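Single-structure report; data block below.
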Amino acid sequence: MAEILDGKRVAETLRGELKDRVASFVSKRGRAPGLDVVIVGDDPASHVYVRAKEKASTEVGMRGRVHRLAVDTTELALLTLLETLNADDAVDGILVQLPLPKHIDETKVLDTISPWKDVDGFHPENAGLLAVGRPRLVPCTPMGCMRLLEVAKVSLAGLRAVVVGRSNIVGKPVAQLLLAQHATVTIAHSRTKDLAAVCREADVLVAAVGRAEMIGADFVKEGAVVLDVGINRIDAPELGAGKTRLVGDVRFDEVAKVARAITPVPGGLGPMTIACLLANTLHAAELRVGR
Ligand code: NDP
């Protein structure tokens, strides 16, 4: 049976470390690092994520502030708010919760956030720096993946890594980070032929697809380490009429019998992502004003 990579516990340790570093920043700089989260519209899941980010930031001693904007907010109003936050010295990290309503151009919004305050690591300048091996602000979920691999004592040099998913948010940056640690990396996606065979090559398999329980034991090599990034809500009639539950992209029960280590959903990359967001906010503050 695989070792369970307990993201909740590792995230707690990381938050504990951050609390001490935040206290030291406060005593030297006379203010707390500040994270500003912007949300447009009323998607319930996004509001849950945003509340969790706000709570986590205040728990480690940072200033967390949420800007809740109406669904009909214009693109210009959002861009103007971002420019104000860019210019505000007390704001160290800016995050715009995705997805945005259809009438707002996501690329324009992400490009407007100052690359020095881009704690999601989505700005093309930060993506470019990561690609040329000079990481500055790195996307949070990929960072969480690397931290869990470290905890599992996976020495990546020379290992075969397969990342399923090629988004700018997860797939591409996690592949860059694995490559930087000298893994031999394959990025698979919806056009990949014989995906199961490609995945079976992997010593480290990262699933970032967004398809409930797509990856079964037949995709996994005996002894592989499996990181399940997917968060999918499915109907769960066994819990009662109309109930749902969260599952990953991986069929946990069957893959856990084959893998050496595996992340659960929930309790894997989810909590790691939030802890890494806090780490990025402190890092951004230190980059701008010093430790
Ligand atoms: P995207 O939808 O942006 O990307 C999904 C990727 O999966 C695409 O590259 C797509 O390929 C690929 N894909 C889709 N279907 C298949 C298939 N049948 N076979 C192989 N590849 C396929 O998703 P994200 O990267 O944003 O997120 C992925 C998952 O991770 C989601 O469930 C999301 O909720 C979750 N997530 C979790 C986070 C956390 O905190 N734990 C944070 C961020 C995301 P193509 O490019 O060809 O379309």
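As the structure lists them, so they are numbered: ligands from 1, and atoms in each ligand from 1. Computed from a prediction, not measured in an experiment: that's the story for all the values here.
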Heavy-atom donor-acceptor pair, [X] side chain to [Y] backbone, under 3.5 Å:
X      : Y      : answer
Asp249 : Val209 : yes
Thr74  : Ala77  : yes
Asn280 : Val138 : yes
Arg63  : Ala90  : yes

At under 4.0 Å between heavy atoms, is it the side chain or the backbone of [X] that contacts ligand 1, or both, or neither?
X      : answer
Thr273 : side chain
Met272 : neither
Leu195 : side chain

Original post:
So, do Val250 and Thr263 sit near enough that their side-chain heavy atoms are less than 4.5 Å apart?
Top reply: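 No, side chains not in contact.
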
**OP:** Determine whether Asp92 and Lys117 make a side-chain contact, defined as any pair of heavy atoms from C-beta on separated by less than 4.5 Å.
**Re:**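 Result no, sub-4.5 Å side-chain heavy-atom pair not found.
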
Would you mind checking which non-hydrogen protein atom is closest to [atom], with the distance to 0.1 Å?
atom                    : answer
atom 31 (C) of ligand 1 : Gly210 CA, 3.6 Å
atom 26 (O) of ligand 1 : Ser167 OG, 4.1 Å
atom 27 (O) of ligand 1 : Val170 CG2, 4.4 Å

**OP:** Would you mind listing which atoms of ligand 1 come within a distance below 4.0 Å of any non-hydrogen atom of Gly165?
**Re:**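 It comes down to these atoms of ligand 1: 6 (C), 7 (O), 9 (O).
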
Original post:
Which of the atoms in ligand 1, numbered in the order shown and given with their element, are less than 4.0 Å from a heavy-atom of Asn232?
Top reply: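 Counting from 1, the qualifying ligand atoms are 32 (O).
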
**OP:** For Arg68, enumerate each residue passing the side-chain hydrogen bond (donor to acceptor under 3.5 Å, both in side chains) test, keeping only those at least two apart in sequence or located in another chain.
**Re:**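 In terms of side-chain hydrogen bond (donor to acceptor under 3.5 Å, both in side chains), with neighbours along the sequence ignored, Arg68 is linked to no residue.
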
Shortest reach to [atom] by a heavy atom, considering only [options]:
atom                    : options                        : answer
atom 34 (O) of ligand 1 : Leu227, Ile231, Ile169         : Ile231
atom 35 (C) of ligand 1 : Val229, Thr263, Leu277         : Val229
atom 22 (C) of ligand 1 : Thr192, Val209, Asp249, Val163 : Val209

Original post:
Has Gly270 got any heavy atom lying under 4.0 angstrom from an atom of ligand 1?
Top reply: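 True for this residue.
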
Subject >> Close approach of Thr141 to ligand 1, heavy atoms, under 4.0 angstrom >> reply: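 For ligand 1, residue contact (heavy atoms, under 4.0 Å) with Thr141 is present.
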
What about [X]: any of its N or O atoms under 3.5 Å from an N or O on ligand 1?
X      : result
Ser190 : yes
Arg166 : yes
Gly171 : no

**OP:** Can you spot which of Leu69, Asp105, Thr112 makes a side chain to side chain contact (heavy atoms under 4.5 Å, CB included) with Leu78?
**Re:**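 Answer after filtering Leu69, Asp105, Thr112: Leu69.
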
